[in-house]
Amino acid sequence: MAKIKITQIRSTIKRPKDQKATIVALGLGKINRTVEVENTPQIAGMVRKVNHLVKVEEA
């Protein structure tokens with residue numbers, strides 16, 4: 001599987017609880033925090049849900 005880098009670029013203030021929970025589940029939570037994860041269908045779905053809050057790059 002390919003790895004992707006996910007960086008949080010926007011705040012979760014005034015966002016629905018499900019979006020906040022998705023950010024935490026991805027291992028983020030603060031602006032400019034970056035995680036490197038495998039690109040699985042589950043991760044892709046989570047990224048799609050919060051794509052307006054994160055930046056995704058190939059690792």
Side-chain angles (χ1 to χ4, degrees):
M1 278 281 163
K3 291 220 177 226
I4 57 173
K5 276 185 174 178
I6 306 169
T7 305
Q8 184 175 347
I9 57 170
R10 305 225 25 219
S11 173
T12 56
I13 294 174
K14 292 191 178 179
R15 301 290 177 192
K17 285 183 182 178
D18 60 338
Q19 290 179 11
K20 289 181 183 183
T22 302
I23 289 288
V24 171
L26 284 170
L28 302 170
K30 292 186 177 184
I31 295 176
N32 292 325
R33 185 170 287 175
T34 302
V35 294
E36 191 171 313
V37 294
E38 295 285 335
N39 190 11
T40 63
Q42 293 84 3
I43 296 294
M46 294 167 79
V47 168
R48 203 172 309 116
K49 185 170 192 153
V50 293
N51 66 348
H52 56 289
L53 302 176
V54 298
K55 176 178 68 170
V56 180
E57 306 169 326
E58 295 292 327

Under 3.5 Å donor-acceptor pairs involving side-chain atoms of residues 6-14, not counting sequence neighbours:
unit_1: Thr7; atom_1: OG1; unit_2: Thr34; atom_2: OG1; d: 3.0
unit_1: Gln8; atom_1: OE1; unit_2: Gly29; atom_2: N; d: 3.0
unit_1: Gln8; atom_1: OE1; unit_2: Lys30; atom_2: N; d: 3.3
unit_1: Gln8; atom_1: NE2; unit_2: Arg10; atom_2: O; d: 2.9
unit_1: Ser11; atom_1: OG; unit_2: Ile13; atom_2: N; d: 3.0

* Asked: Any side-chain heavy-atom pair from Glu57 and Lys55 closer than 4.5 angstrom?
  -> yes
* Asked: Would you call Asp18 and Lys49 a side-chain contact if the rule is heavy atoms closer than 4.5 Å?
  -> yes
* **Partners meeting salt bridge (Lys or Arg N to Asp or Glu O under 4.0 Å) with Glu38 (sequence neighbours left out)** => Lys3
* Show the numbers, then the answer: is there a side chain to side chain contact (heavy atoms under 4.5 Å, CB included) between Gln19 and Leu53? => CA-CA 9 Å; Gln19 290 179 11; Leu53 302 176; 4.2 Å; yes
* Asked: Does Ile23 belong to the same Ile/Leu/Val/Met/Phe/Trp/Tyr cluster as Val35, with side-chain heavy atoms less than 4.5 Å apart forming each link?
  -> yes
* Closest non-hydrogen atom pair, Arg33 against Gly27 -> CD-O, 3.8 Å
* Separation of Leu28 CG from Met46 CE (nearest 0.5 Å) -> 9.0 Å
* To do: Determine whether Val56 and Val54 make a side-chain contact, defined as any pair of heavy atoms from C-beta on separated by less than 4.5 Å.
  => yes
